[in-house]
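Reading through the structure tokens given below for one structure.
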Amino acid sequence: QVQLVESGGGLVQAGGSLRLSCAASGRTFSTYSVGWFRQAPGKERECVAAINRIGSSPYYADSVKGRFTISRDSAKNTVYLQMNSLKPEDTAVYYCAAGPYRTVLLGVNYWGQGTQVTVSS
């Protein structure tokens, strides 16, 4: 069993930065691939960044490439999403996810509760 708890969301002006953290519990967390998804009102949940078990082969959605960086600290059982040059269209609830495959794009077993990110223009 893995539990995921996000933090770091908030209100920021366009052009600003935020760093989201996802603290995981469970001895098997290091065996899971992880990622960050977001869902804006009226839109489907989408994966914005993903990384494999060993913290390599990152994936980024086209909309965030060059602005967001995903990383994981296995010693701390924590996953990060550094978000720079934020835009109003980045406003959404951001979810941390973990899955048993090489990438969460293939499936997610665990979700965090979500953290709100609001970017003002």
When you measure from the centre of the six-membered ring of Y95, is the NZ or CZ of R45 under 6.0 Å away and within 45° of the axis? yes
Is the backbone of [Y] close enough, under 3.5 Å, to the side chain of [X] for a donor and an acceptor to pair up by distance?
| X | Y | result |
| --- | --- | --- |
| R67 | S85 | yes |
| T115 | E6 | no |
| T78 | K76 | yes |

Flag the pair D62 and K65 as a salt bridge only when some basic side-chain nitrogen lies within less than 4.0 angstrom of an acidic carboxylate oxygen. yes
Examine [X] and [Y] and state if one hydrophobic cluster contains both, with Ile, Leu, Val, Met, Phe, Trp and Tyr joined whenever side-chain heavy atoms are less than 4.5 Å apart.
| X | Y | result |
| --- | --- | --- |
| I51 | L20 | yes |
| V108 | V2 | no |
| F29 | W36 | yes |
| Y80 | I70 | no |
| V12 | V64 | yes |

Do [X] and [Y] have side chains that get closer than 4.5 Å, going by heavy atoms?
| X | Y | value |
| --- | --- | --- |
| V117 | L18 | yes |
| Y94 | Q116 | no |
| D90 | M83 | no |

Point-to-point distance, once rounded to the nearest 0.5 Å, from [atom1] of [X] to [atom2] of [Y]:
| X | Y | atom1 | atom2 | answer |
| --- | --- | --- | --- | --- |
| S21 | L81 | OG | CG | 9.5 Å |
| L86 | S17 | CG | OG | 6.0 Å |
| E44 | R38 | CD | CZ | 13.5 Å |

Where do [X] and [Y] come nearest, in terms of heavy atoms and distance?
| X | Y | answer |
| --- | --- | --- |
| Y32 | P100 | CD2-N, 3.7 Å |
| A40 | A92 | N-CB, 3.8 Å |
| A61 | C47 | CB-O, 3.6 Å |
| V104 | A97 | CG1-O, 4.0 Å |

Mind running side-chain contact (heavy atoms from CB on, under 4.5 Å) on V119 and Q13 for me, showing each step along the way? CA-CA 5 Å; V119 185; Q13 288 188 332; over 6 Å; no
side-chain contact (heavy atoms from CB on, under 4.5 Å) evaluation trace for S30 with R53: CA-CA 6 Å; S30 62; R53 292 178 301 168; over 6 Å; no
Are S33 and N52 close enough, and set up right, to give a side chain to side chain donor-acceptor pair (under 3.5 Å), and what steps lead you there? CA-CA 4 Å; S33 62; N52 63 14; over 6 Å; no
When you look at CD of Q3, are more than 12 heavy atoms from neighbouring residues, nucleotides or ligands closer to it than 6.0 Å? no
Any disulfide bond (SG atoms under 2.5 Å apart) pairs touching residues 57-121, not counting sequence neighbours? C22-C96
Sort and list the pairs that fulfil ring-ring contact (aromatic ring centres under 6.0 Å, His included) and have at least one residue in residues 51-71, not counting sequence neighbours. none
Check which hydrophobic residues are tied to Y101 through side-chain heavy-atom contacts below 4.5 Å, counting indirect links as well, and list them. L106
Verdict with supporting geometry, F37 and E46, side-chain contact (heavy atoms from CB on, under 4.5 Å): CA-CA 5 Å; F37 290 69; E46 62 168 342; 5.9 Å; no
